[in-house]
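Scroll down for the structure; my scribbles are underneath it.
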Amino acid sequence: MQIDLKNKNILFIAPIFYNYHEIIKAELERRGAKVYFAPERGYTFRFTFVNNFFPHKLEQLQAKHYRAILKRFDPIEFDYLFVIKGFKISTEFVDLFTERYPTAIKIMHQWDSEKNNPFSHLLDKFDRVFSFDYEDLVKYPRLVYLPNFYLEDIHLKADCEYQYDILFLVSYLPERYQIMTKLKAFADQYNLKLKAVLIMPFTTYVKDLLRGKRYDRSIIRFSALSRADYLELFWQSRMIFDMGSSSQTGMSQRTVETIESGKKLLTNNPYVKQDVIFNQDQIFVTSGEFSEEILGFMSSPFVPKPTGYSLDMWIKKLFG
């Protein structure tokens, strides 16, 4: 499928999540589009302060944020509105955009769930709507399935020896910290080398500290790893454990990249079995308990298969 984005003006609204927004923007620009990026929210102390101490004022703050986006790009004649997630985006904003650019195509993709980031009120406001979440796809038939993509550097296997049997690298959630203690006990029991990294916002750490909660600081980081540092750990590990959130069911970026790379994947997401790329010889689904069965899985041979979930495919599906 070929798509023509040459000289098309795209208003691109998305989270600043690692540098994925930059990668997506660059790919659209490589195809000839003129991309005007705006973050879905402010990434300043002001937003953090309101979010943590005055959450009832978030709606007002976000409404002002989206109005500022339209004002900022007022002279541009847009051909597309492309929204990923769109934290607390209102129907008012989309209506204003439509009024100003009536011929523009409006595309929304959710790489979060309705439970985490309510978006169902926007479904009728967009021309094309996509989601990676299996439960949302059943609940909202208008949604089209679109899994997350891998980046091409996942194919550039590093020439290094294994240093870890299991890599567990995730953003912090309370249940992930709890499961880490179980995983650590499992690794100690069977003499496995575990590398665990939980990335936690410093504000969360301080708030919990003031409440008397204590963490194992040896596994906590307050800033994300660079892509290069992440890939170094990735290739030093035999198996990747990716623990999804209980409030969403889609495959994470890490799940897709692990499968694409040909590594073995341990996951707590049973919905991965519904995807066409599921291979029981490569993917072990756990309920949160770690048994000796995992040891056999780790050592058993398998033939990896490509997922087909490239960034190129992802862009073509959205704009095709």
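All residue numbers in this chain count up from 1 along the given sequence. These figures come from a predicted structure and were not determined experimentally.
- Y140 is listed as a side-chain neighbour of E114, based on a closest heavy-atom distance under 4.5 Å.
- S300 and K264 share a donor-acceptor pair across their side chains, judged by distance under 3.5 Å alone.
- K317 places a side-chain N or O within 3.5 Å of a backbone atom of Y145 that can act as its donor or acceptor partner.
- Judged purely by distance below 3.5 Å, without hydrogens or angles, the side chains of E152 and H155 pair a donor atom with an acceptor atom.
- At a cut-off of 3.5 Å, with distance as the only test, no side-chain donor of T267 or N269 sits close to an acceptor on the other residue.
- Counting only distance, with no hydrogens or angles, the side chain of D127 and the backbone of K106 share a donor-acceptor pair below 3.5 Å.
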For residues 226-244, which side-chain N or O atoms pair as donor and acceptor with protein atoms under 3.5 Å away, sequence neighbours left out?
residue: S226; atom: OG; partner: D229; partner atom: N; Å: 3.1
residue: S226; atom: OG; partner: D229; partner atom: OD2; Å: 3.2
residue: R227; atom: NE; partner: D153; partner atom: OD1; Å: 3.4
residue: R227; atom: NE; partner: D153; partner atom: OD2; Å: 3.1
residue: R227; atom: NH1; partner: E257; partner atom: OE1; Å: 3.1
residue: R227; atom: NH2; partner: D153; partner atom: OD1; Å: 2.7
residue: R227; atom: NH2; partner: E257; partner atom: OE1; Å: 3.2
residue: R227; atom: NH2; partner: E257; partner atom: OE2; Å: 2.8
residue: Y230; atom: OH; partner: R254; partner atom: NE; Å: 3.4
residue: S237; atom: OG; partner: L233; partner atom: O; Å: 2.7
residue: R238; atom: NE; partner: D165; partner atom: OD1; Å: 3.4
residue: D242; atom: OD2; partner: S252; partner atom: OG; Å: 2.3
residue: D242; atom: OD2; partner: T255; partner atom: OG1; Å: 2.8

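- With values rounded to the nearest 0.5 angstrom, K57 atom NZ is found 14.0 Å from N51 atom CG.
- The cationic atom of R217 (NZ for Lys, CZ for Arg) lies less than 6.0 Å from the six-membered ring centre of Y205 and within 45° of the ring axis.
- Using a 30° and 60° split on the angle between ring planes, F53 and F49 fall in the tilted class, from 30° to 60°.
- In K207, the NZ atom is crowded: over 12 heavy atoms of neighbouring residues, nucleotides or ligands sit closer than 6.0 Å.
- In this structure, F290 has its ring center at least 6.0 angstrom away from the ring center of Y190.
- Between P102 and E99 the shortest heavy-atom distance is CD-O, 3.8 Å.
- In this structure, the side chain of T249 engages the main chain of E135 through a donor-acceptor pair within 3.5 Å.
- Side-chain N or O atoms of R31 include none that pairs as donor or acceptor with a backbone N or O of D4 at under 3.5 Å.
- Open room surrounds CD on Q60; 12 or fewer heavy atoms of other groups in view lie less than 6.0 Å from it.
- A 4.5 Å side-chain heavy-atom check between L146 and W314 finds at least one atom pair inside the cut-off.
- Electrostatic pairing of K71 and D74 does not count as a salt bridge here, judged by no charged N lying under 4.0 Å from a carboxylate O.
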- request: Give the C-alpha distance, both sets of side-chain angles, the deciding distance and a yes or no for side-chain hydrogen bond (donor to acceptor under 3.5 Å, both in side chains) between D275 and Y309.
  value: CA-CA 12 Å; D275 201 279; Y309 295 157; 2.8 Å; yes

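- Note: F12 and F82 meet the aromatic proximity criterion, with ring centroids under 6.0 Å apart.
- Considering NZ of K305 and OG1 of T307, their distance stands at 13.0 Å, rounded to 0.5 Å.
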message: Set out, in order, the CA-CA distance, both residues' side-chain angles and the distance that settles side chain to side chain contact (heavy atoms under 4.5 Å, CB included) for F284 and E293, then state yes or no.
response: CA-CA 10 Å; F284 189 101; E293 187 180 1; 3.9 Å; yes

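- A donor-acceptor distance shorter than 3.5 angstrom exists from the side chain of N117 to the backbone of K85, with no hydrogens or angles considered.
- A tilted orientation is assigned to the rings of F97 and Y101, their planes being inclined by 30° to 60°.
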- prompt: What do the steps show when you test E27 against V35 for side chain to side chain contact (heavy atoms under 4.5 Å, CB included), and what is the final call?
  reply: CA-CA 10 Å; E27 177 62 19; V35 183; over 6 Å; no

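- Side-chain contact annotation: Y20 with N148, donor-acceptor N/O pair under 3.5 Å absent.
- Under the 3.5 Å distance criterion, with hydrogens and angles disregarded, no donor-acceptor pair is assigned to the side chains of D133 and Q110.
- Using a 4.5 Å heavy-atom cutoff, the side chains of Y172 and Y215 are in contact.
- Around CD of E29, the count of heavy atoms belonging to other residues, nucleotides or ligands within 6.0 Å exceeds 12.
- The structure places CG of L122 at 6.0 Å from CD1 of I89, a figure rounded to the nearest 0.5 Å.
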task: Kindly determine whether V272 and Y134 satisfy side chain to side chain contact (heavy atoms under 4.5 Å, CB included), including the steps that lead there.
output: CA-CA 9 Å; V272 71; Y134 297 102; 5.6 Å; no

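- Contact check for L5 versus Y80: side-chain heavy atoms found under the 4.5 Å cut-off.
- Looking at heavy atoms from C-beta onward, H65 lies in side-chain contact with Q62 at the 4.5 angstrom threshold.
- Within the 4.5 Å cutoff, the side chain of K182 has heavy atoms near those of the E289 side chain.
- Remark: I199 CD1 to L225 CG distance equals 5.5 Å, nearest 0.5 Å.
- At a cut-off of 3.5 Å, with distance as the only test, no side-chain donor of Y66 or E92 sits close to an acceptor on the other residue.
- There is no side-chain donor-acceptor pair under 3.5 Å between T286 and N268.
- Within a 6.0 Å radius of NZ in K263, other residues, nucleotides and ligands contribute more than 12 heavy atoms.
- Once rounded to the nearest 0.5 Å, the distance linking CD of E22 with CD1 of I16 reads 8.0 Å.
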message: What verdict does the side chain to side chain contact (heavy atoms under 4.5 Å, CB included) test give for F78 and K8, after you've listed the backbone C-alpha separation in whole Å, the side-chain angles of each residue and the deciding distance to 0.1 Å?
response: CA-CA 8 Å; F78 285 110; K8 299 296 184 181; over 6 Å; no

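- There is no side-chain donor-acceptor pair under 3.5 Å between S245 and R176.
- Within the model, atoms OG of S113 and CG of D136 stand 6.0 Å from one another, a figure rounded to the nearest 0.5 Å.
- Side-chain atoms of H121 and T91, non-hydrogen and from C-beta on, do get closer than 4.5 Å to each other.
- For the pair I69/R72, no side-chain contact is recorded, criterion being any heavy-atom separation below 4.5 Å from C-beta on.
- Figure legend: R41 and Y43 shown as a cation-pi pair, the cationic atom lying under 6.0 angstrom from the six-membered ring centre and within 45 degrees of its axis.
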